[in-house]
Amino acid sequence: MPELPEVEVLRRSLEPRLIGRRIERVEVRSPALREPLDRRTLRRRLEGRAIVGLRRRSKYLLIDVEGDSTLVVHLGMSGRLTVAPSGAPVEAHEHLAIDLAGGERLRLRDPRRFGVAFAAATAGLLERDPHFVRLGREPLSPPLTGSELAALAGGGRGPVKTFLMDAGRLVGVGNIYATESLFRAGIHPARSVARIGAGRWERLAGAVVGVLEQAIREGGTTLNDFADGTGQPGYFQVSLAVYGRDGEPCPRCGGRIRRLLQSGRSTFYCPACQR
DNA sequence: CGTAGACCCTGCGCGC
DNA sequence: TGCGCGCAGGGTCTAC
(Lines give C-alpha, C1' and ligand atoms only; values in the text may rest on other atoms or scores of the structure.)
Protein backbone atom coordinates (compact mmCIF):
# COMPACT_ATOMS: atom_id res chain seq x y z
CA MET A 1 0.00 0.00 0.00
CA PRO A 2 2.10 2.87 1.16
CA GLU A 3 4.96 4.78 -0.32
CA LEU A 4 6.00 8.22 0.85
CA PRO A 5 2.87 10.05 -0.38
CA GLU A 6 0.47 7.63 1.30
CA VAL A 7 2.30 7.83 4.63
CA GLU A 8 2.43 11.62 4.39
CA VAL A 9 -1.30 11.80 3.57
CA LEU A 10 -1.98 9.54 6.52
CA ARG A 11 0.19 11.71 8.79
CA ARG A 12 -1.63 14.89 7.77
CA SER A 13 -5.06 13.33 8.18
CA LEU A 14 -4.26 11.99 11.65
CA GLU A 15 -2.45 15.02 12.97
CA PRO A 16 -5.47 17.20 13.84
CA ARG A 17 -7.33 14.23 15.30
CA LEU A 18 -4.51 12.97 17.50
CA ILE A 19 -2.54 15.96 18.75
CA GLY A 20 -3.32 16.62 22.40
CA ARG A 21 -5.27 13.37 22.84
CA ARG A 22 -4.33 11.16 25.77
CA ILE A 23 -3.78 7.44 25.28
CA GLU A 24 -5.87 5.57 27.82
CA ARG A 25 -5.21 1.97 26.89
CA VAL A 26 -3.12 -0.02 24.46
CA GLU A 27 -4.44 -3.38 23.37
CA VAL A 28 -2.33 -5.85 21.39
CA ARG A 29 -4.90 -8.09 19.76
CA SER A 30 -2.53 -10.09 17.59
CA PRO A 31 1.22 -9.61 17.94
CA ALA A 32 2.17 -11.42 14.73
CA LEU A 33 3.59 -8.73 12.45
CA ARG A 34 6.96 -8.75 10.66
CA GLU A 35 8.43 -7.98 14.04
CA PRO A 36 6.27 -9.32 16.89
CA LEU A 37 4.46 -6.57 18.78
CA ASP A 38 5.96 -6.02 22.24
CA ARG A 39 2.92 -5.59 24.47
CA ARG A 40 4.85 -4.59 27.58
CA THR A 41 6.90 -1.84 25.99
CA LEU A 42 3.96 -0.47 24.04
CA ARG A 43 1.88 -0.17 27.20
CA ARG A 44 4.68 1.15 29.36
CA ARG A 45 5.68 3.84 26.91
CA LEU A 46 2.24 4.93 25.72
CA GLU A 47 -0.49 4.46 28.29
CA GLY A 48 -1.51 7.57 30.17
CA ARG A 49 0.43 9.93 27.91
CA ALA A 50 -0.80 12.64 25.54
CA ILE A 51 0.16 12.70 21.87
CA VAL A 52 2.30 15.72 21.09
CA GLY A 53 3.32 15.34 17.44
CA LEU A 54 3.27 13.26 14.25
CA ARG A 55 6.31 12.94 12.05
CA ARG A 56 7.31 10.91 9.01
CA ARG A 57 10.69 9.44 8.13
CA SER A 58 10.86 7.43 4.93
CA LYS A 59 7.74 5.23 5.00
CA TYR A 60 7.56 5.21 8.78
CA LEU A 61 4.99 7.20 10.74
CA LEU A 62 6.20 8.45 14.13
CA ILE A 63 3.67 9.38 16.80
CA ASP A 64 5.41 11.25 19.61
CA VAL A 65 3.93 11.26 23.10
CA GLU A 66 4.97 13.20 26.17
CA GLY A 67 7.71 11.76 28.33
CA ASP A 68 10.25 10.94 25.60
CA SER A 69 8.36 8.12 23.90
CA THR A 70 7.40 7.51 20.28
CA LEU A 71 5.11 5.00 18.62
CA VAL A 72 6.62 3.94 15.30
CA VAL A 73 4.36 2.40 12.64
CA HIS A 74 5.26 0.99 9.23
CA LEU A 75 2.31 -0.17 7.15
CA GLY A 76 4.15 -2.71 5.03
CA MET A 77 2.07 -3.59 1.97
CA SER A 78 -1.42 -3.85 3.40
CA GLY A 79 -1.47 -1.92 6.66
CA ARG A 80 -4.17 0.59 7.55
CA LEU A 81 -4.16 2.93 10.49
CA THR A 82 -7.50 4.59 11.17
CA VAL A 83 -9.39 6.41 13.89
CA ALA A 84 -12.79 4.91 14.68
CA PRO A 85 -15.35 5.25 17.46
CA SER A 86 -14.23 3.07 20.34
CA GLY A 87 -17.43 1.05 20.13
CA ALA A 88 -16.86 0.07 16.49
CA PRO A 89 -16.72 -3.68 15.86
CA VAL A 90 -13.29 -5.29 15.74
CA GLU A 91 -12.23 -6.02 12.20
CA ALA A 92 -10.27 -8.94 10.83
CA HIS A 93 -6.48 -8.60 11.08
CA GLU A 94 -6.70 -5.89 13.70
CA HIS A 95 -3.34 -6.13 15.46
CA LEU A 96 -3.27 -3.07 17.64
CA ALA A 97 -6.02 -0.96 19.20
CA ILE A 98 -5.23 2.25 21.06
CA ASP A 99 -8.04 3.85 23.05
CA LEU A 100 -7.94 7.61 23.24
CA ALA A 101 -9.51 9.78 25.90
CA GLY A 102 -12.78 11.08 24.51
CA GLY A 103 -14.06 7.84 23.06
CA GLU A 104 -12.09 7.10 19.91
CA ARG A 105 -9.78 4.29 19.00
CA LEU A 106 -6.72 4.21 16.77
CA ARG A 107 -6.58 0.86 15.00
CA LEU A 108 -3.85 -0.89 13.05
CA ARG A 109 -5.00 -3.55 10.61
CA ASP A 110 -2.61 -5.46 8.40
CA PRO A 111 -3.75 -8.63 6.59
CA ARG A 112 -0.38 -9.47 5.04
CA ARG A 113 1.50 -8.73 8.25
CA PHE A 114 4.47 -7.06 6.61
CA GLY A 115 4.01 -4.05 8.86
CA VAL A 116 5.90 -3.02 11.98
CA ALA A 117 4.87 -1.21 15.16
CA PHE A 118 6.95 -0.51 18.24
CA ALA A 119 7.50 2.08 20.93
CA ALA A 120 10.87 3.54 21.81
CA ALA A 121 12.57 6.56 23.32
CA THR A 122 12.11 9.69 21.20
CA ALA A 123 15.59 11.00 21.88
CA GLY A 124 18.09 9.56 19.42
CA LEU A 125 15.47 7.41 17.70
CA LEU A 126 16.29 8.46 14.14
CA GLU A 127 20.02 8.53 14.82
CA ARG A 128 20.39 5.24 16.67
CA ASP A 129 17.49 2.87 16.10
CA PRO A 130 18.38 0.12 13.57
CA HIS A 131 15.20 0.79 11.59
CA PHE A 132 16.44 4.27 10.75
CA VAL A 133 20.23 4.40 10.84
CA ARG A 134 20.78 3.24 7.27
CA LEU A 135 18.03 5.24 5.61
CA GLY A 136 18.95 7.57 2.77
CA ARG A 137 17.87 11.03 1.78
CA GLU A 138 14.32 12.35 2.07
CA PRO A 139 13.36 13.38 -1.48
CA LEU A 140 11.17 16.37 -0.59
CA SER A 141 12.84 18.14 2.30
CA PRO A 142 14.54 19.90 0.70
CA PRO A 143 13.59 18.98 -2.89
CA LEU A 144 16.07 16.59 -4.44
CA THR A 145 18.38 17.96 -7.15
CA GLY A 146 19.92 16.22 -10.15
CA SER A 147 23.47 16.51 -8.88
CA GLU A 148 22.47 15.02 -5.52
CA LEU A 149 20.77 12.12 -7.26
CA ALA A 150 23.86 11.52 -9.40
CA ALA A 151 26.03 11.57 -6.27
CA LEU A 152 23.74 9.08 -4.51
CA ALA A 153 24.08 6.72 -7.48
CA GLY A 154 27.84 7.22 -7.61
CA GLY A 155 29.79 4.03 -8.09
CA GLY A 156 26.73 1.95 -8.88
CA ARG A 157 26.14 0.08 -12.14
CA GLY A 158 22.67 -1.41 -11.67
CA PRO A 159 19.39 -0.41 -13.33
CA VAL A 160 18.10 3.04 -12.49
CA LYS A 161 14.74 1.78 -11.27
CA THR A 162 16.37 -0.49 -8.69
CA PHE A 163 18.48 2.46 -7.59
CA LEU A 164 15.43 4.69 -7.10
CA MET A 165 13.89 2.05 -4.83
CA ASP A 166 17.05 1.58 -2.74
CA ALA A 167 16.09 3.10 0.63
CA GLY A 168 19.72 3.18 1.69
CA ARG A 169 20.23 5.94 -0.87
CA LEU A 170 16.83 7.56 -1.40
CA VAL A 171 13.79 6.88 0.78
CA GLY A 172 10.08 6.90 0.15
CA VAL A 173 10.08 5.91 -3.52
CA GLY A 174 8.55 2.47 -4.05
CA ASN A 175 7.38 0.54 -7.08
CA ILE A 176 4.61 2.88 -8.22
CA TYR A 177 6.46 6.17 -7.91
CA ALA A 178 9.76 4.84 -9.27
CA THR A 179 7.85 3.61 -12.31
CA GLU A 180 5.95 6.88 -12.81
CA SER A 181 9.03 9.05 -12.24
CA LEU A 182 10.96 7.22 -14.94
CA PHE A 183 8.11 7.67 -17.39
CA ARG A 184 7.97 11.40 -16.70
CA ALA A 185 11.73 11.69 -17.10
CA GLY A 186 11.74 9.64 -20.33
CA ILE A 187 14.29 7.18 -18.97
CA HIS A 188 14.18 3.43 -19.59
CA PRO A 189 13.88 1.62 -16.24
CA ALA A 190 16.61 -0.87 -17.13
CA ARG A 191 19.17 1.80 -18.06
CA SER A 192 22.31 1.53 -15.95
CA VAL A 193 22.91 4.43 -13.58
CA ALA A 194 26.43 4.51 -15.00
CA ARG A 195 24.98 5.64 -18.33
CA ILE A 196 22.95 8.60 -17.15
CA GLY A 197 24.26 12.11 -17.75
CA ALA A 198 23.72 15.37 -15.87
CA GLY A 199 20.72 16.43 -17.94
CA ARG A 200 18.89 13.16 -17.35
CA TRP A 201 19.68 13.22 -13.63
CA GLU A 202 18.20 16.68 -13.44
CA ARG A 203 15.04 15.60 -15.25
CA LEU A 204 14.73 12.52 -13.07
CA ALA A 205 15.13 14.46 -9.82
CA GLY A 206 12.43 16.88 -10.98
CA ALA A 207 10.19 13.99 -11.94
CA VAL A 208 10.57 12.27 -8.57
CA VAL A 209 9.78 15.47 -6.66
CA GLY A 210 6.90 16.34 -8.98
CA VAL A 211 5.30 12.90 -8.84
CA LEU A 212 5.53 12.66 -5.06
CA GLU A 213 4.17 16.17 -4.51
CA GLN A 214 1.27 15.63 -6.91
CA ALA A 215 0.44 12.30 -5.29
CA ILE A 216 0.32 13.93 -1.85
CA ARG A 217 -1.97 16.67 -3.21
CA GLU A 218 -4.25 14.03 -4.69
CA GLY A 219 -4.50 12.03 -1.48
CA GLY A 220 -2.18 9.17 -2.43
CA THR A 221 -2.78 6.15 -4.65
CA THR A 222 -5.59 3.74 -3.78
CA LEU A 223 -5.22 0.59 -5.87
CA ASN A 224 -6.97 -1.76 -3.47
CA ASP A 225 -6.96 -0.68 0.09
CA PHE A 226 -5.12 2.52 0.88
CA ALA A 227 -7.06 4.96 3.04
CA ASP A 228 -6.05 7.87 5.20
CA GLY A 229 -6.71 8.02 8.92
CA THR A 230 -10.37 8.82 8.35
CA GLY A 231 -10.93 6.04 5.82
CA GLN A 232 -10.83 8.32 2.76
CA PRO A 233 -9.23 6.77 -0.35
CA GLY A 234 -6.76 8.67 -2.54
CA TYR A 235 -7.25 9.44 -6.20
CA PHE A 236 -3.73 9.70 -7.65
CA GLN A 237 -4.38 6.33 -9.31
CA VAL A 238 -6.29 8.14 -12.05
CA SER A 239 -3.12 10.17 -12.70
CA LEU A 240 -0.94 7.10 -13.14
CA ALA A 241 0.49 7.26 -16.65
CA VAL A 242 1.95 3.77 -16.95
CA TYR A 243 1.76 1.86 -13.66
CA GLY A 244 -0.54 -1.13 -14.01
CA ARG A 245 -1.34 -0.23 -17.63
CA ASP A 246 0.36 -3.07 -19.48
CA GLY A 247 -1.00 -3.16 -23.05
CA GLU A 248 -2.77 0.20 -22.84
CA PRO A 249 -1.76 3.13 -25.04
CA CYS A 250 0.98 5.46 -23.81
CA PRO A 251 -0.62 8.78 -22.82
CA ARG A 252 2.15 10.66 -24.60
CA CYS A 253 2.76 8.83 -27.91
CA GLY A 254 -0.08 6.31 -28.13
CA GLY A 255 2.28 3.35 -28.33
CA ARG A 256 1.77 0.21 -26.30
CA ILE A 257 2.84 0.23 -22.65
CA ARG A 258 4.94 -2.79 -21.75
CA ARG A 259 5.65 -4.65 -18.53
CA LEU A 260 8.92 -6.16 -17.38
CA LEU A 261 10.24 -7.72 -14.17
CA GLN A 262 13.11 -6.14 -12.27
CA SER A 263 14.28 -7.72 -9.02
CA GLY A 264 10.96 -9.49 -8.84
CA ARG A 265 8.89 -6.31 -9.14
CA SER A 266 6.73 -5.28 -12.09
CA THR A 267 7.85 -2.26 -14.06
CA PHE A 268 5.68 -0.55 -16.67
CA TYR A 269 7.13 1.68 -19.37
CA CYS A 270 6.74 3.01 -22.88
CA PRO A 271 9.49 1.63 -25.14
CA ALA A 272 9.18 4.64 -27.46
CA CYS A 273 9.22 7.43 -24.87
CA GLN A 274 11.69 5.90 -22.43
CA ARG A 275 15.27 5.29 -23.50
C1' DC B 1 31.82 -5.23 -2.15
C1' DG B 2 27.15 -4.69 -4.83
C1' DT B 3 23.45 -6.96 -6.88
C1' DA B 4 19.72 -10.59 -7.65
C1' DG B 5 16.58 -13.76 -5.86
C1' DA B 6 13.92 -16.02 -2.19
C1' DC B 7 11.06 -15.21 1.44
C1' DC B 8 7.67 -13.40 4.81
C1' DC B 9 1.69 -13.51 4.46
C1' DT B 10 -3.19 -12.97 2.99
C1' DG B 11 -6.50 -11.66 -0.47
C1' DC B 12 -8.12 -10.75 -4.97
C1' DG B 13 -9.05 -11.20 -9.84
C1' DC B 14 -8.65 -13.98 -13.65
C1' DG B 15 -9.00 -18.05 -16.68
C1' DC B 16 -10.51 -22.56 -16.89
C1' DT C 1 -19.96 -21.86 -9.00
C1' DG C 2 -15.41 -23.36 -7.62
C1' DC C 3 -10.49 -23.85 -7.93
C1' DG C 4 -5.72 -22.93 -8.89
C1' DC C 5 -2.55 -19.52 -10.34
C1' DG C 6 -0.25 -15.24 -10.49
C1' DC C 7 0.18 -11.07 -8.62
C1' DA C 8 0.11 -7.18 -5.09
C1' DG C 9 2.15 -0.58 -2.84
C1' DG C 10 7.37 -3.44 1.76
C1' DG C 11 11.80 -4.86 3.67
C1' DT C 12 15.41 -8.30 5.00
C1' DC C 13 18.33 -12.05 4.47
C1' DT C 14 21.28 -15.17 1.79
C1' DA C 15 23.98 -16.56 -2.12
C1' DC C 16 26.68 -15.40 -5.59
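Note that these values count all heavy atoms, side chains included, but never hydrogens, waters or copies made by symmetry. Proteins come first, then strands; the chains are lettered A, B, ... in the order of their sequence lines, and each starts at number 1.
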Quiz item: How is the base pairing of DNA chain C summarised as a dot-bracket string, given the Watson-Crick and G-U wobble criteria with both distances under 3.5 Å, [ ] for crossing and | for another strand?
Solution: .|||||||.|||||||
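- For DNA chain B, the residues of residues 147-157 of chain A within the heavy-atom distance limit of 4.0 Å (strictly under) are G156(A), R157(A), sorted by number.
- Among the heavy atoms of the strands, none lies under 4.0 Å from Y177(A).
- The distance from atom CG of N175(A) to atom P of dC7(C) is 13 Å, rounded to the nearest whole Å.
- Side-chain atoms of V116(A) and L33(A), non-hydrogen and from C-beta on, never get closer than 4.5 Å to each other.
- Spacing between atom NZ of K161(A) and atom P of dT3(B) amounts to 15 Å, rounded to whole angstrom units.
- Contact check for P189(A) versus Q262(A): side-chain heavy atoms found under the 4.5 Å cut-off.
- The CZ atom of R55(A) sits 5.0 Å away from the CG atom of L126(A) when rounded to the nearest 0.5 Å.
- Nucleic acid contact class of G264(A) (heavy atoms, under 4.0 Å, all strands): none.
- Remark: the separation of the P atoms in dG5(B) and dC7(C) is 15 Å, to the nearest Å.
- The two residues R107(A) and A88(A) have their closest heavy-atom pair at NH1-CB, 4.1 Å.
- With sequence neighbours excluded, the residues that form a ring pair (Phe, Tyr, Trp, His ring centres under 6.0 Å) with H131(A) are F118(A).
- L10(A) and L81(A) get closest at one heavy-atom pair: CD1-O, 3.4 Å.
- Following rounding to the nearest Å, M77(A) (CE) and dG6(C) (C1') show an atom-to-atom distance of 13 Å.
- With a 4.5 Å cut-off on side-chain heavy atoms, E138(A) and L4(A) count as touching.
- Considering only side-chain atoms of H74(A), the nucleotide from dG9(C), dG11(C), dA8(C) that sits closest is dG11(C).
- Taking a cutoff of 4.0 Å between a charged side-chain nitrogen and a carboxylate oxygen, E15(A) and R12(A) do not qualify as a salt bridge.
- Considering R80(A), R29(A), R109(A) as possible partners of E94(A), the one that fulfils the side chain to side chain donor-acceptor pair (under 3.5 Å) test is R29(A).
- Between the side chains of S239(A) and E218(A), at least one donor N or O lies within less than 3.5 Å of an accepting N or O.
- Each of R49(A), R22(A), E47(A), R45(A) was evaluated against V65(A); a single residue qualifies, R49(A), per the side-chain contact (heavy atoms from CB on, under 4.5 Å) test.
- Nucleotides dA6(B) and dG6(C), compared at atom P, are 14 Å apart to the nearest Å.
- Here dG9(C) is the nucleotide among dG11(C), dG9(C), dA8(C) with the atom lying nearest to any side-chain atom of F226(A).
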Any N/O pairs under 3.5 Å between the protein and nucleotides 3-5 of chain C? List them or say none.
none

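- The CG atom of L75(A) sits 11 Å away from the P atom of dG10(C) (whole-angstrom rounding).
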Quiz item: Along nucleotides 6-12 of chain B, 5' to 3', which nucleotides get a B, which get an S, and which get a -, given that the test is a protein heavy-atom distance under 4.0 Å?
Solution: --BBBS-
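- Look at CD on Q262(A): it is 20 Å from P on dG2(B), rounded to the nearest Å.
- A heavy-atom distance below 4.5 Å is found between the side chains of V211(A) and F236(A).
- Counting non-hydrogen atoms under 4.0 angstrom, R134(A) reaches nothing in the nucleic acid.
- Between V83(A) and L18(A), the closest side-chain pair of non-hydrogen atoms falls below 4.5 Å.
- Closest heavy-atom contact between G247(A) and R256(A): O-NH1, 3.6 Å.
- In this structure, the CZ atom of R169(A) is 16 Å from the P atom of dG11(C), given to the nearest Å.
- The shortest distance between the side-chain N/O atoms of K59(A) and the OP1/OP2 oxygens of dG9(C) is not below 4.0 Å.
- Rounded to whole angstrom, the span from the CZ atom of R265(A) across to the C1' atom of dG10(C) amounts to 6 Å.
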Every protein N/O lying under 3.5 Å from an N/O of nucleotides 14-16 of chain C:
none

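- Closest heavy-atom contact between R112(A) and S78(A): N-OG, 2.9 Å.
- Between the C1' atom of dG9(C) and the CZ atom of F236(A) lies a distance of 13 Å, rounded to the nearest Å.
- The shortest heavy-atom contact between C253(A) and A272(A) is SG-CB, 4.0 Å.
- Scanning both residues, G219(A) and F226(A), for their nearest heavy atoms gives O-CE2, 3.4 Å.
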